Novice: 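Provided herewith is a single structure, encoded as structure tokens, for subsequent inquiry.
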Protein chains: 2
Amino acid sequence: MSVAHTRVTPQAGGPCGDDDCGIREVLDRIGDKWTVLVLVELAKGVRRFRELHRAIPGISQRMLTLTTRRLCRDGLVERTAYPTIPPQVEYELTAMGRSLAESVQRLAGWSREHKDAMREARARWDADHPGEA
Amino acid sequence: MSVAHTRVTPQAGGPCGDDDCGIREVLDRIGDKWTVLVLVELAKGVRRFRELHRAIPGISQRMLTLTTRRLCRDGLVERTAYPTIPPQVEYELTAMGRSLAESVQRLAGWSREHKDAMREARARWDADHPGEA
DNA sequence: CGGCATCCTGCTAGATACTG
DNA sequence: CAGTATCTAGCAGGATGCCG
């Protein structure tokens, strides 16, 4: 994801000008390591910070904070903080966020359908190309 | 996108075990900086190396080579080399590759539909949060 | 033309420690 | 509990030069 994405600066009307620029735009948002996982978890319902943290094994507090913040900034997630003690913060998908989560899950569907075929293709390729790391 | 993705090691049956693992799998393949652009360009038809290079502004030879190779390895692209002089290599989507390109373009559609809404959301957020980089 | 090898850099994200 | 701050490493990706 973001993948160090130093914007591709697609000049309008250029070769890739019309149909792929949109793609890079989404990928700059969901292409990173954690965003989709948060998205999918929130698609199941409202979640507190801690709950997200536990639901997504391996994510650090820092990355969860950064990821949720970016999602909020883009209007995909709504953050509600209750000034209780101890503090309590709830995250919830917005309508747009739910819509994105759906699209993303459709892509996940593709992945599940073709996972085996890809695994086989890779095995075949690796067999034919012995000199690979 | 590969995004330095050090595999999330999702234990089966875990909290995110069922519906997101598939997502990471695709994103590990299309989440990087160039894959989707190549995919989309090839969706338009057979392309030679040079043609791809010109069609995707900003990509380096190295990254184009790496990207096409990964796509070949995964069975999404077929590579045909003609041993002419000078050499000539053609790239073409496989059936699976076309199917993925379609899914990806649907996601791009989402992006185009919501681009403005996200831009506005971001503007609003930035206005409300002055202390940001 | 198409591709590989090498070096170098900047960003992403992990680890750790500290606050309200 | 829900963050923030800092420091660091590792890798993606850019630039350049050579080969068949």
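Keep in mind that what you see is a predicted model, and the values were worked out from it rather than measured. Every heavy atom of this structure was used, including side-chain atoms; hydrogens, water molecules and symmetry mates were not. Each chain gets a letter, A, B and so on, in the order the sequences are listed, and its residues count up from 1.
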Novice: Expressed as a whole number of angstroms, how long is the span from Leu52(B):CG to dG2(C):P?
Specialist: 9 Å
Novice: Quickly work out the Leu64(B) CG to dG13(D) P distance and round it to whole Å.
Specialist: 13 Å
Novice: Using a cutoff of under 3.5 Å, can you pull out all pairs of nitrogen or oxygen atoms linking the protein to nucleotides 1-5 of chain D, with atom names and distances?
Specialist:
unit_1	atom_1	unit_2	atom_2	d
dC1(D)	OP2	Arg50(A)	NH1	2.9
dC1(D)	O3'	Arg48(A)	NH2	3.2
dC1(D)	O3'	Pro87(A)	O	3.4
dA2(D)	OP1	Arg48(A)	NE	3.2
dA2(D)	OP1	Arg48(A)	NH2	3.3
dA2(D)	OP1	Val89(A)	N	3.4
dA2(D)	OP2	Arg50(A)	N	2.7
dG3(D)	OP1	Arg79(A)	NH1	2.2
dG3(D)	OP2	Tyr91(A)	OH	2.4
dG3(D)	N7	Gln61(A)	OE1	2.9
dG3(D)	O6	Gln61(A)	OE1	3.3
dT4(D)	OP1	Arg69(A)	NH1	3.4

Novice: Does a side-chain heavy-atom distance below 4.5 Å link Arg48(B) with Val89(B)?
Specialist: no
Novice: Nearest whole angstrom, please: distance from the P of dC7(C) to the CE of Met63(B).
Specialist: 19 Å
Novice: Anything under 30° is parallel, anything over 60° is perpendicular, the rest tilted; go ahead and classify Trp125(A) against His129(A).
Specialist: parallel
Novice: Whole angstrom is fine here: how far is it from OH in Tyr82(B) over to P in dG2(C)?
Specialist: 12 Å
Novice: Starting at CD1 of Ile56(A), measure out to OG1 of Thr67(A) and round the result to the nearest 0.5 Å.
Specialist: 8.0 Å
Novice: Measure the distance from CG on Leu37(A) to C1' on dT12(C) and round it to the nearest whole Å.
Specialist: 15 Å
Novice: How long is the line joining CG of Asp32(B) and C1' of dT12(C), in whole Å?
Specialist: 15 Å
Novice: Expressed as a whole number of angstroms, how long is the span from Leu66(A):CG to dA15(C):P?
Specialist: 15 Å
Novice: Report the residues that fulfil salt bridge (charged side-chain N to carboxylate O under 4.0 Å, His left out) with Arg98(A), sequence neighbours left out, ordered by chain and then residue number.
Specialist: none
Novice: Using atom NZ of Lys33(B) as one end and atom P of dC11(C) as the other, report the distance to the nearest whole Å.
Specialist: 11 Å
Novice: Show every side-chain hydrogen bond (donor to acceptor under 3.5 Å, both in side chains) that has at least one partner inside residues 81-95 of chain A, sequence neighbours left out.
Specialist: Tyr82(A)-Glu90(A)
Novice: Dump the intermediate steps for salt bridge (Lys or Arg N to Asp or Glu O under 4.0 Å) on Glu41(B) and Lys44(B), then the final yes or no.
Specialist: CA-CA 6 Å; Glu41(B) 183 58 27; Lys44(B) 301 174 189 167; 3.0 Å; yes
